[in-house]
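Chain letters run A, B, ... following the sequence lines, proteins first and then strands; every chain starts at 1. Hydrogens, waters and symmetry mates play no part in the numbers below; they use all other heavy atoms, side chains included. As the structure is a prediction and not an experimental result, all values here were calculated from the model.
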2 protein chains.
Amino acid sequence: MSVQERKQRERAERERLIVATARELAEQQGWDAVTTRRLAERIEYSQPVLYSHFRGKREIIGAVALQGAAELATAVRAATSAADRPRARVVALARAYLDFAARNPAVYDALFQLDGGLAYAQEDTPEPLKDAFAALLETLGEVTGDGVQPGLFTEVFWAALHGLATLTRAGRLLPEDAEPRVELLVDRLAMV
Amino acid sequence: MSVQERKQRERAERERLIVATARELAEQQGWDAVTTRRLAERIEYSQPVLYSHFRGKREIIGAVALQGAAELATAVRAATSAADRPRARVVALARAYLDFAARNPAVYDALFQLDGGLAYAQEDTPEPLKDAFAALLETLGEVTGDGVQPGLFTEVFWAALHGLATLTRAGRLLPEDAEPRVELLVDRLAMV
DNA sequence: AATCGATCCTAGCACCGCTAGACAATCGAG
DNA sequence: CTCGATTGTCTAGCGGTGCTAGGATCGATT
């Protein structure tokens, strides 16, 4: 029995290695550089091994995305829990979100820009994604204002953050004015 | 002389054909399906002809993007000019923007999602892009509110719209609630 | 120790963006 | 009108991509 268990452990370990390597390579040189050949070479296995763990490249992207979603949720919760007043919590949330996107561009791309084959806003949405949204909802729910559904408010606030994150990263917005943009967004959207 | 002129005209015509075909193909089957081979086949020329008009595929995407920017600006101006009160203009702007993104997903991708090799937020930004931003600024400038730069406000509002557009298109937001999201966004962000 | 199943790799498919070089059509000079 | 030069286009091919079939090899079990 323990032989099989060891094999399973090694297999799981190798799968982690694949995801970590893909993520690392993507952060270093962009997702375009993450080819199955390069990835296989880095983990020191041949290409087909990748396909014994994942259906294809998109599933590898999806795995990185799920990892990122969990980290994003953690980062947001850590930032908001450190602030005591509602407005400060929202500001902290916004900063943490944009900071995460800026520091982990490849992961953010895997989450929201690339096709990782993940289902969103549905019944079978993976848990980490639902939880990341929940992390936003926890803080934004208390500044939603009257007559508005917290879920709807969170979607709009999230969309605004997402827009800022992607447009900034794509060079459409200059990063210098990031802070006043956050201030403006929070001042107007959040009912504090 | 007129022979050369005719050739130039034919060349320009063929260039339009390339851009139009690329756009059409992208809208029909997505940008992944826009390969140089398929594109060449559709315009009934060989691949290298494409490279006598554009440096490469990204420049073709860029050409579609510029076309889209001009149309977006037109659509926004048409929508806003049909409304008489400031709030109605902002709502019309938001609807027109999201509508454009929903109706021309491939063009919207070329503009903001893909790499078309275009410069943004800079000195040498192509005119259509600057003009599209100007179209937003014209309407949003009058609802910016005190103590805020219209440019900054426009960036934030635009980012929110962009976020809604992309997240909706990617299946991250359900399209059913689009209208209340717009209402919420305008109610909160615009100082009417 | 022999067997047999799991595991992995080599080799290759069809496709991608892009380009060198051959070829044909057209133009201008004599 | 002829002939060389120029312009335009195409065929063929390069190195790369994601992905997979099929053979080889290894190791656990009998």
Thinking salt bridges, do A/E41 and A/R38 make one under a 4.0 Å N-O criterion?
-> no
Any salt bridge between A/R87 and A/E183, counting N to O under 4.0 Å?
-> yes
Every protein N/O lying under 3.5 Å from an N/O of nucleotides 15-18 of chain D:
| from | atom 1 | to | atom 2 | distance (Å) |
| --- | --- | --- | --- | --- |
| D/dT17 | OP1 | A/T35 | OG1 | 3.3 |
| D/dT17 | OP1 | A/R38 | NH2 | 3.4 |
| D/dG18 | OP1 | A/V34 | O | 3.4 |
| D/dG18 | OP1 | A/K57 | NZ | 3.2 |
| D/dG18 | OP2 | A/T36 | N | 2.7 |
| D/dG18 | OP2 | A/T36 | OG1 | 3.0 |
| D/dG18 | N7 | A/R37 | NH1 | 3.0 |
| D/dG18 | O6 | A/R37 | NH2 | 3.2 |

B/E41 CD to D/dC10 C1', in whole Å, measures 15 Å
Ion pair present between B/D109 and B/R169, side-chain N to carboxylate O less than 4.0 angstrom?
-> yes
Rounded to whole Å, CD of A/E10 lies from P of D/dC26 at a distance of 16 Å
Taken to the nearest 0.5 Å, the spacing of B/R23 CZ from B/I61 CD1 works out to 14.0 Å
Enumerate all atom pairs, one protein N or O and one N or O from nucleotides 21-23 of chain D, separated by less than 3.5 Å.
none

Could you state the CD-C1' distance from B/Q29 to C/dC16, rounded to the nearest angstrom?
-> 16 Å
Considering residues at least two apart in sequence or located in another chain, which fulfil the ring pair (Phe, Tyr, Trp, His ring centres under 6.0 Å) criterion with A/F54?
-> none
Between the side chains of B/H162 and B/Y108, is a donor N or O closer than 3.5 angstrom to an acceptor N or O?
-> yes
Inspect the contact between B/R95 and B/E179 and indicate whether a charged nitrogen and a carboxylate oxygen are less than 4.0 angstrom apart.
-> yes
Between B/W158 and the options B/F153, B/F112, B/Y120, the ring-ring contact (aromatic ring centres under 6.0 Å, His included) test singles out B/F112
